[in-house]
Amino acid sequence: MKKIYALLFTLLISSISFGQTIFSENMGTPSATTALATYITGTAPATFQNVAPIVFSGTADVRISSQSSTYSGFSAGGNVWLASVAVATPPVANKYFQIDGINTSSYNSTNLQMSFGYLTTSASVQAMVEYSTNGTTWLPITFTNNTTANAWNLVTIPTGVIPSSSSLSIRFTGSTAGMRIDDIKVFNFNPSCTLVLGTPTGLCDAVTSGLDTYTATIPYTGGGSGNYTITPSSGTIGGDNPTSVAAGNIVVSGITEGTNLTMTVVSGTCSYSALLTSPECKPVNALPFSETFNYTAGSSLGAQQSWTNVNSGDNIVAIANSLVHAGVTSTNNSVTFSGTGAECFTPFTTTTSGAVYAAFLVNVSDIANVTTDLATTYFAGLTDNAKGYNARLFFKRNGTQYQLGFDTASTTTNYDATLRNAGDVVYVVIGYDFATNALSAWINPVNGSAPTFGINPATPFVNLGGFMLRQDSATTTPTIIFDELRIVTSVSDLGLTLATAQNDIAGLKVYPNPVSNGVLHIESNLNTERTVTLFDVIGKQVLSTTTSNNTINVAALNSGIYIVKITEGGKTATRKLVIK
């Protein structure tokens, strides 16, 4: 089965007719505000596009906020922020962004132009733009200033300003207002260069658990005259030849998955190039699916054939050794993540009926970086086949310990009362029954365990088709070790027998929780006679009553954690209850 992808690409040609791009930079895509010195050392796409001989420097930073927009060719993603500088004594130098190593020596200065995306927070204060050919003497570049604050504009420097030089440098310097720079281009305006390359696409030749190959297709117009030489960085050239065919598709086949393509097209002094990011030719995991993380320690989880990174940032990585928990067989290695970074997704066969269960081991090994007590974040969950979260497992620091929560939404107050210590290995099972719309989670289950959490989603799930690991922010996601993921369609495949959450009593409310005054309130839409049974943590029945009242006297029970089983109108629900 073949899979086609719409690819992240960089097409290094000018958006202006007959333009040849000499230098192009769209600032990449940072995962958060990043100092320039740190961003330079990052990995794509969270770094600059260009590498040596291009050199970036300065005191600015790169941001994901207020993305470029409205002008032709805007890239969104990241932009360079020239932060405003307050008046100070002694004076503080304004923030700047400098690019060295641009080579325009092959072109006549009368044909050279430059453009950049530009935003200012004040229409009365503008950036300073300069160029140098020796890195010492800087000359100003005059341009049309922005007239509207906080609006993106494409600034174009006309021909005759940018010099022909083998060592051209460009510098942007801020002032007393905030400014953003994006999509910098230096290009040659040559009427004889008529070829226009279109948007590249990539098609996997196969989708297997090994490394596959893919075929790139680059459409073009403006051919039919001249003699073009096409050179790919990998693969075999085929398709249409712009030397003889006016419009068509250049095809590059046999490129190894994971290898990006750079293709150059040259005709005399006209030169064009396109950069295409490799598609991921990764299969959908069949159920039952078992992941023991048998990967080399230090390798990226998203680079493996069963997983893919959903966004940019620090990778989730494999580490040596497995987590150990009673009743769970552990082999091979595990993975770890902390703070901000990429989400990692593994797909499985799209399921729309029956049930799906995901079981795994979690060790929250260090919570020191979580600086705000009771701040919440989710770090794992079941998704649909389009990577949309359906069920989420939450973490909340509570003093020197933490709690686990579970919900369908991106925030929750639905937390297990048990306080856990960093280093505890916890076994988690998440399950969803399509027939009853019952979403459940069991924490450290044994045979016969009732769910720790039982939820009836307001909107029943259409499908389940993936599992996600998530890194939120530097101060909310603790250091987590994750291991032994299994996704199955029957709980018996986990070697367990679990009580399911038949949580379909309409309008059921059980409160307060925790109970501190000895009175438990139970309400529902029916409010008819119901049977209420309480069990302690070892499964012993400690109270049972059948009543039409909405209050239950639990004053005789000791402080602790209990499971409440409620049967009303032929339907049953369970809740965890804390009595103080």
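Nothing here was measured: the structure is a model prediction, and the numbers come from that model.
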Task: Asn26 vs Ser75, side chain to side chain donor-acceptor pair (under 3.5 Å): CA-CA, chis, key distance, verdict - done: CA-CA 6 Å; Asn26 71 6; Ser75 62; 4.5 Å; no

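- Between the side chains of His325 and Asp483, no donor-acceptor pair of N or O atoms lies under 3.5 Å.
- Under the 3.5 Å distance criterion, with hydrogens and angles disregarded, no donor-acceptor pair is assigned to the side chains of Thr217 and Asn249.
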TODO: Could you please spell out the steps behind the side chain to side chain contact (heavy atoms under 4.5 Å, CB included) verdict for Leu469 and Trp307?
DONE: CA-CA 10 Å; Leu469 294 175; Trp307 295 80; 4.3 Å; yes

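- Heavy-atom minimum distance, Asp536 versus Tyr562: CA-CD2, 3.8 Å.
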Open item on the list: Using side chain to side chain contact (heavy atoms under 4.5 Å, CB included), reason through Tyr432 and Asn390 one step at a time and then give a plain yes or no.
Closed with: CA-CA 10 Å; Tyr432 180 72; Asn390 290 86; over 6 Å; no

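- Of all non-hydrogen atoms in Ala358 and Ile487, the two that sit nearest each other are CB-CG1, 4.2 Å.
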TODO: Would you sort out whether Ser338 and Asp366 count as a side chain to side chain contact (heavy atoms under 4.5 Å, CB included), showing the intermediate values?
DONE: CA-CA 9 Å; Ser338 178; Asp366 191 346; over 6 Å; no

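- Below 30°, between 30° and 60°, or above 60°: for Phe337 and Phe379 the angle between ring planes is between 30° and 60°, a tilted geometry.
- Counting heavy atoms from C-beta outward, Leu419 and Gln403 have side chains that approach closer than 4.5 Å.
- Within the 3.5 Å criterion, the main-chain N or O of Glu523 finds no donor-acceptor partner in the side chain of Tyr511.
- Minimum interatomic distance between Val429 and Pro445 (heavy atoms only, all atoms of both residues): CG2-CG, 3.9 Å.
- Aromatic ring centres of Phe434 and Phe461: separated by at least 6.0 Å.
- In terms of modelled atom types and a separation under 3.5 Å, the side chain of Asp205 and the main chain of Asp212 share no donor-acceptor contact.
- Residues Thr479 and Ser365 have side chains in contact (heavy-atom distance under 4.5 Å, counting atoms from C-beta outward).
- For the residue pair Asn285 / Thr346, a side-chain donor-acceptor distance below 3.5 Å is found, with atom types taken as modelled.
- Phe348 places none of its side-chain heavy atoms less than 4.5 Å from the side chain of Asn385.
- Under the 3.5 Å distance criterion, the side-chain polar atoms of Asp433 are left unmatched by any main-chain donor or acceptor of Ala355.
- For the residue pair Thr546 / Thr531, a side-chain donor-acceptor distance below 3.5 Å is found, with atom types taken as modelled.
- Remark: the backbone N or O of Asp493 is paired with a side-chain donor or acceptor of Arg486 at under 3.5 angstrom.
- Side-chain polar atoms of Thr452 and Asp416 form no donor-acceptor pair below 3.5 angstrom.
- Looking at every heavy atom in both residues, Ser278 comes nearest to Gly258 through OG-N, 2.8 Å.
- Counting only distance, with no hydrogens or angles, the side chain of Ser299 and the backbone of Ala318 share no donor-acceptor pair below 3.5 Å.
- Counting heavy atoms from C-beta outward, Glu568 and Thr528 have side chains that approach closer than 4.5 Å.
- Using the six-membered ring where Trp is involved, Phe482 and Phe293 have ring planes that are perpendicular, over 60° apart on the 30 and 60° scheme.
- A donor-acceptor pair is defined here as one N or O able to donate and one able to accept, closer than 3.5 Å; such a pair exists between the side chain of Thr351 and the backbone of Thr349.
- In this structure, the side chains of Phe535 and Gln541 come closer than 4.5 Å at one or more pairs of heavy atoms.
- Under 3.5 Å, the side chains of Asp183 and Tyr71 contain a donor-acceptor pair of N or O atoms.
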Open item on the list: As a quick check of understanding, evaluate side chain to side chain contact (heavy atoms under 4.5 Å, CB included) for Asn79 and Ser68, giving each step before the final call.
Closed with: CA-CA 7 Å; Asn79 56 77; Ser68 58; 5.9 Å; no

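- A distance of 6.0 Å or more separates the ring centres of Phe467 and Phe289.
- With 3.5 Å as the limit, one finds a donor-acceptor pair spanning the side chains of Thr377 and Asp472.
- A donor-acceptor pair under 3.5 Å is formed between the side chain of Gln471 and the backbone N or O of Ala342.
- For the pair Ile563 and Leu577, the minimum side-chain heavy-atom distance is 4.5 Å or more.
- Between Asp182 and Arg180, none of the side-chain N atoms (NZ, or NE/NH1/NH2) sits under 4.0 Å from a carboxylate O, so this pair counts as no salt bridge.
- For Lys565, the NZ atom is loosely surrounded, since the number of other residues' heavy atoms within 6.0 Å does not exceed 12.
- Separation of the Tyr378 and Tyr389 ring centroids falls under the 6.0 Å cut-off.
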Show the atom names and distances, to 0.1 Å, of all donor-acceptor pairs under 3.5 Å that link a side chain in residues 550-561 to residues at least two apart or in another chain.
from: Asn550; atom 1: OD1; to: Arg530; atom 2: NH1; distance (Å): 3.4
from: Asn553; atom 1: OD1; to: Ala555; atom 2: N; distance (Å): 2.9

